[in-house]
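I have placed the structure first, in the form of structure tokens, so that the comments after it can refer back to it.
Reminder, nothing fancy here: chain letters follow the sequence lines and each chain counts from 1.
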Protein chains: 2
Amino acid sequence: MSKKEALLKAAENKVRLGGYSNFSFRELANEVGIKSASVHYHFPTKADLGAELAHQYTDAFLLSLGEPAELKAQGKDPIDFYTSLFRGALVTDKKMCLCGLLGAESDTLPEKVRIEVKRFFTKNLTWLSAAHSVNGDENPQKAAIQTVSMLEGAMMISKTLDDHSYFDLATRDSN
Amino acid sequence: MSKKEALLKAAENKVRLGGYSNFSFRELANEVGIKSASVHYHFPTKADLGAELAHQYTDAFLLSLGEPAELKAQGKDPIDFYTSLFRGALVTDKKMCLCGLLGAESDTLPEKVRIEVKRFFTKNLTWLSAAHSVNGDENPQKAAIQTVSMLEGAMMISKTLDDHSYFDLATRDSN
DNA sequence: ATATAAATACCTATCAGTAGATAGGTTAAT
DNA sequence: ATTAACCTATCTACTGATAGGTATTTATAT
């Protein structure tokens with residue numbers, strides 16, 4: 001892993017725990033074994049780092065999602081699969097969704113970071129609309145916003161109450 | 001309004017936009033017309049201020065909610081009423097729920113602040129369980145966590161995309 | 001009623017720590 | 001000779017916090 005990749009990984013961990021202000025160039029530099037001034041070589045400003053982080057996070061998430069129709073063809077419910085990725089982020093990483101946290105702070109983010117967070121949700125809503133469509137839902141757009149809202153909210157509350165059974169209860173299909 | 005009340009109000013506005021790190025004693029002091037050292041007279045530490053802020057926010061919210069059974073007796077659907085309070089916070093204030101934002105940052109908050117954020121959600125889940133109960137829902141606890149998750153999530157996404165029609169679509173009863 | 005004590009609500013001045021950012025130098029690979 | 005990937009050293013700005021001072025009000029004791 002290059003220093004640049006290591007910096008992004010370290011930043012992701014920090015942001016997913018405490019938001020955009022929860023990482024500094026000094027901390028990142030220490031963690032990967034370089035000096036803070038050298039971080040500016042890879043990312044001219046903090047906003048540049050934050051924007052690239054959110055962009056790569058979005059791309060990686062979409063990549064691991066695949067295509068709704070393809071999932072369906074494999075006999076998987078795309079919404080269940082989407083939910084399981086969120087659950088992994090919460091239960092395995094024990095961290096928030098990067099863009100969930102940044103989205104809540106949206107008003108105070110540098111413009112170029114906010115644009116990337118918007119992109120995450122726009123792309124997620126498009127994916128979820130298609131997923132609910134292949135599932136035969138009546139109003140796929142409404143179902144899409146409801147799905148991502150519920151997952152982000154359940155994640156946040158489970159983190160707050162430090163108990164992922166809240167997430168499981170909220171997302172359980174049966175009663 | 002006393003200086004102390006003004007400090008809490010100023011802090012609330014800042015936190016609801018950018019989280020716990022988005023206010024400083026100097027900024028608050030400037031806004032209410034005192035010096036930063038004097039803020040420490042009212043709140044020994046930043047954590048004390050944050051904790052009192054979250055505590056009062058919770059109490060005020062619960063007070064404006066009233067009792068689910070009482071709302072029902074007045075012919076109001078308690079869940080619709082709960083939803084309308086969240087909508088007001090988003091549309092009128094154009095800000096996040098204080099504890100929604102703090103909850104997402106939970107891992108990096110001082111202990112006494114985190115306790116108050118937990119208290120907000122614990123009390124809200126109790127209220128919503130009762131509300132779904134009087135509505136005759138099959139699984140009121142599951143419905144409670146789903147309701148608050150959806151509202152917090154929809155709020156965050158509407159803030160991010162700067163369009164409260166996402167909130168309205170997510171919370172609309174009809175199709 | 002008056003003197004005294006104490007609490008309230010601020011103030012000035014200052015501290016050590018951390019923030020993001022920049023200028024300019026070094027080293028090694030291309 | 002150039003570029004990549006670091007480095008040292010330093011800057012200004014801001015952070016929460018503390019020590020110690022002042023003026024005003026309130027409470028108590030004589």
Quiz prompt | Side-chain N,O (B:Ser38) to OP1/OP2 (C:dA9) below 4.0 Å | solution =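 B:Ser38 to C:dA9 OP1/OP2: no side-chain N or O under 4.0 Å.
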Quiz item: Quick one: is C:dC10 close enough that its OP1 or OP2 comes under 4.0 Å of any side-chain N or O from B:His42?
Solution: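 Yes.
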Distance, rounded to the nearest Å, where [X] contributes [atom1] and [N] contributes [atom2]:
X	N	atom1	atom2	value
A:His40	D:dC6	NE2	C1'	14 Å
B:Phe43	C:dA9	CZ	C1'	13 Å
B:Leu49	D:dG16	CG	P	10 Å
A:Arg26	C:dG17	CZ	P	13 Å
A:Lys4	D:dA4	NZ	C1'	12 Å
B:Glu5	C:dA9	CD	C1'	15 Å
B:Lys14	D:dT15	NZ	C1'	14 Å
A:Lys3	D:dA4	NZ	P	19 Å

Quiz item: Who pairs with B:Phe25 by ring pair (Phe, Tyr, Trp, His ring centres under 6.0 Å), at least two apart in sequence or on another chain?
Solution: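 Once residues adjacent in sequence are excluded, the partners of B:Phe25 under the ring pair (Phe, Tyr, Trp, His ring centres under 6.0 Å) criterion are B:His40.
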Measure from the side-chain heavy atoms of [X] and tell me the nearest of [options].
X	options	value
A:Ser36	C:dT22, D:dA17, C:dA21	C:dA21
A:Lys35	D:dA17, D:dT8, D:dT10	D:dT8
A:Glu27	C:dC11, D:dC7, C:dA19	C:dA19

Quiz item: Between A:Thr83 and A:Asp80, is any side-chain donor less than 3.5 angstrom from a side-chain acceptor?
Solution: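 No.
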Classify [X] by what it touches in the nucleic acid, base, sugar-phosphate, or nothing, heavy-atom distance under 4.0 Å.
X	value
B:Tyr41	base
A:Phe23	sugar-phosphate
B:Ser24	sugar-phosphate

Exercise. Tell me whether the guanidinium CZ or amine NZ of A:Lys46 lies under 6.0 angstrom from the six-membered ring centre of A:Tyr20 and within 45° of its axis.
Key: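 The answer is yes, since A:Lys46 meets both limits relative to A:Tyr20.
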Quiz item: Any cation-pi pair here, B:Lys72 with B:Phe81, using under 6.0 Å and within 45°?
Solution: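 Cation-pi check for B:Lys72 and B:Phe81: fails.
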Exercise. Flag the pair B:Phe61 / B:Phe120 as yes when their ring centroid distance falls below 6.0 Å, and as no otherwise.
Key: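 Yes: the rings meet the under 6.0 Å criterion.
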